[in-house]
Every structure is written in structure tokens, then in C-alpha cells.
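Worksheet: the structure to be examined is printed underneath.
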Amino acid sequence: MKNKIYVVGMGPGKEEMMTQEAIYAMEQADVIIGYTVYLGLLGERFRDKELLSTPMRQETERCELCFAEAEKGKKVAMICSGDAGIYGMASLMYEIGKKYPDIELEVIPGITAANSGAAVLGAPLNHDFCVISLSDLLTPWEKIEKRLLAAAQGDFAIVLYNPSSHKRKDYLKRACDILLQEIEETRPCGYVENIGRENTMAATCTLKELRETQVNMFTTVFIGNSGSEIINGKLITKRGYQVERNTDICGNN
Ligand code: SAH
């Protein structure tokens, strides 16, 4: 039997938003490894597990720690917020895993911020969409700019991850300036902070207003496509169905 590491997407935060499979994987584990903030979000039921962490920016060390623990014969669950394969640790685990052919990896999917945030805002991603991270820690900013412009030119709805950090306070503004080269100022947008956690906050606005908005690193930003609308305070990107709006013509509702 190969030692196994579960690479678990825990969803945005609260247990109700984890899959049964994610909960099962963590219950099976002897040790749960993850960034401290995510370990802190785990409920009481995992308190008896050994919990191990490395600080932010020490992602490689965190992954190495998983393999070291698995080599000792422990069942390991490495947890990531949202989905582990969306700006998470899943790919790095496979890269490092090359050195450990006897350890098997299994990725357990989780609800990513694009999904959970979209649900809070309404239905902003109900047509083709692009997901772009504004973090230039691992991606050159020029490439991010190119992707933003291409997404705008393609009339995709757009989700922005990592819209801000302590060192990158003006990145959302810079991204909006690029989008505004292609997109009108009145384009409906929205953002959600602390999805599935305490103090969830959501707002809709125009692209011009988004440019002036200071968001934090626990925020996911949504930009509608050319057909998106704010309907009853919700950000909606339409599928394209014909909807009869005039009840008089219909006769009855
Ligand atoms: N693997 C994660 C993404 C990690 S990148 C996922 O699939 O969701 C970190 C970025 O994800 C944050 O900067 C933010 O843009 C977004 N994010 C993750 N969790 C969030 C939450 N609970 N509320 C709002 N945004 C979140």
C-alpha cells in the first residue's frame, strides 16, 4: 500500500460549504497541514488531529512537510482554501511528488471563490468567463495585463482573484485602467469579501466605481460582460434565453 496524501479544497471557509468528500478525507487523516488561517477555520471536529503549518510564502516547505509526514507512515490531508487546483497547492504537490514515487496524491475538489462569490452576487458567471489573478508574485505583470485585455476583447465575464495585498494596494485600479481601454465605464461589476466566513460583504457597482474601490486580499471581484445587468441588486450575466418581460402581452404572468 502506497502512503497517501489528500490534497483537499476546503471551500471558502465554513463547514457547510465543504464537500462530504473533503470532510471524509480530513477525518481519515492523522495530520492536517495547511496555512494557519485555514487551519483556524476548521471546526471542532478536527481539533483532535495533529495540525501543522508553515507561514505564508513558505508554500514549498509546506508541501515538503506533507511528504515528510507521509513518509513517516501518517495519513496526511493538505488543505487549501477554495479548490486546491485553482491558485492552490495541487500542482506544486505533484511537482514535488516526482521525488516521492511511493506516495500517492489524491485531489479532493472544493468550491472555489468564483463559485461561492458568484452565488452571493446572483449569477455573474452564467456565460463564458475568465479567471485572472492579479498577483504578480509568480506571474509577470505584463502577462497579467495581456490576459486582462484579451478577456475584455473577448467579451468574457471576468473574475479577479488576489485583487490586493499590503504591497499591491493599487493593483485593482491598474487592472480597471486596462479593462477601461475596452469596456465602457458603466459596465456592471461586483465584489465579495469574506465569502463563507464571518462578516461577508458584497456590493455591486460600475467599472468606473470599481476603479475607485479599495478592496482587501480576502475579496473576489467580478466584471460583467456586455450583456450583464443589475437586477434587483444582483449582478446577472444572461445565458441568452428570450424572456417575455411584458405581462400584458402574455395575458397572464
Ligand atoms: N484556492 C482558492 C484561491 C486562492 S488565491 C480558491 O479556489 O478559492 C486567494 C484569493 O482567492 C483571494 O485573494 C481572493 O481573491 C480569493 N478568495 C479565496 N477565498 C475567499 C473568500 N473566502 N472570500 C473572498 N475571496 C476569497
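Start at 1 and go down the list; that is how both ligands and their atoms are numbered. The first residue of the sequence shown is numbered 1, and numbering continues consecutively from there.
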### Summary
Result for side chain to side chain contact (heavy atoms under 4.5 Å, CB included) between Ile79 and one of Leu42, Ile33, Val7 points to Leu42

### Task
List the closest protein heavy-atom neighbour of atom 14 (C) of ligand 1: residue, atom name, distance to the nearest 0.1 Å.
Thr219 O, 3.3 Å

### Query
Hey, does Pro163 sit under 4.0 Å from ligand 1 if you only count heavy atoms?
yes

### Task
For atom 11 (O) of ligand 1, find the nearest protein heavy atom and state the residue, atom name and distance (0.1 Å precision).
Tyr161 CD2, 3.3 Å

### Message
Side chains of Tyr100 and Glu64: any donor to acceptor distance under 3.5 Å?
### Response
yes

### Task
Mark up the atoms of ligand 1 that fall under 4.0 Å of a heavy atom belonging to Ala113, in ascending order.
6 (C), 8 (O), 16 (C), 17 (N), 18 (C), 26 (C)

### Query
Which atoms of ligand 1 are found less than 4.0 Å from any heavy atom of Thr112?
6 (C), 7 (O), 8 (O)

### Message
To check your reading of the model: name the closest protein heavy atom to atom 12 (C) of ligand 1, its residue, and the distance in Å.
### Response
Met217 O, 3.1 Å

### Message
Looking only at side-chain N and O atoms, does Ser226 offer a donor or acceptor that is under 3.5 Å from a partner on Asp155?
### Response
yes

### Query
Does the pair Glu15/Arg45 count as a salt bridge with the N-to-O cut at 4.0 Å?
yes

### Message
So for Gly196, does at least one of its heavy atoms come nearer than 4.0 angstrom to any atom of ligand 1?
### Response
no

#### Entry: Between Thr237 and Ser228: side-chain donor-acceptor atoms closer than 3.5 Å
yes

### Task
State the atoms of ligand 1, each with its element, that fall below the 4.0 Å cut-off from a heavy-atom position in Pro12.
22 (N)

Pairs of donor and acceptor atoms involving the side chains of residues 109-123, under 3.5 Å and at least two apart or interchain, shall be tabulated with distances.
residue: Thr112; atom: OG1; partner: Tyr161; partner atom: OH; Å: 2.5
residue: Ser116; atom: OG; partner: Thr112; partner atom: O; Å: 3.3

### Message
Return the closest protein heavy atom for atom 24 (C) of ligand 1 as residue, atom name and distance.
### Response
Phe218 O, 2.9 Å

### Query
How far is atom 9 (C) of ligand 1 from its nearest protein heavy atom, and which residue and atom name does that atom have?
Asn162 OD1, 3.4 Å

### Task
Using distance alone, determine whether Arg197 and ligand 1 share an N or O pair under 3.5 Å.
yes

### Summary
In this structure, atom 2 (C) of ligand 1 is nearest to the protein heavy atom Ser81 O, 3.2 Å

### Flag, side chain of Lys49 to backbone of Glu27, donor-acceptor distance under 3.5 Å
yes

### Identity and distance of the protein heavy atom lying nearest atom 4 (C) of ligand 1
Tyr87 O, 3.5 Å

### Message
Side chain or backbone, does Thr220 bring an N or O within less than 3.5 Å of an N or O on ligand 1?
### Response
yes

### Task
Say whether Ile86, considering both its backbone and side-chain N or O atoms, lies within less than 3.5 Å of an N or O atom on ligand 1.
yes

### Query
Just going by heavy-atom distances, which of Asn115, Asp83, Ile195 is nearest to atom 22 (N) of ligand 1?
Ile195

### Message
At less than 4.0 angstrom from any non-hydrogen atom of Val192, what atoms of ligand 1 do you find?
### Response
24 (C)

### Message
Once side-chain hydrogen bond (donor to acceptor under 3.5 Å, both in side chains) is applied, what residue pairs with a partner in residues 138-153 remain, sequence neighbours excluded?
### Response
Trp141-Glu145, Gln153-Glu182

### Task
Might you confirm whether atom CZ of Arg47 has over 12 heavy atoms from other residues, nucleotides or ligands at distances under 6.0 Å?
yes

### Task
Please state which part of Asn194 comes within less than 4.0 Å of ligand 1, counting heavy atoms only: side chain, backbone, both or neither.
backbone

### Donor on one side chain, acceptor on other, Asn162 and Tyr171, under 3.5 Å
no

### Query
CZ of Phe46: more than 12 outside heavy atoms within 6.0 angstrom?
yes

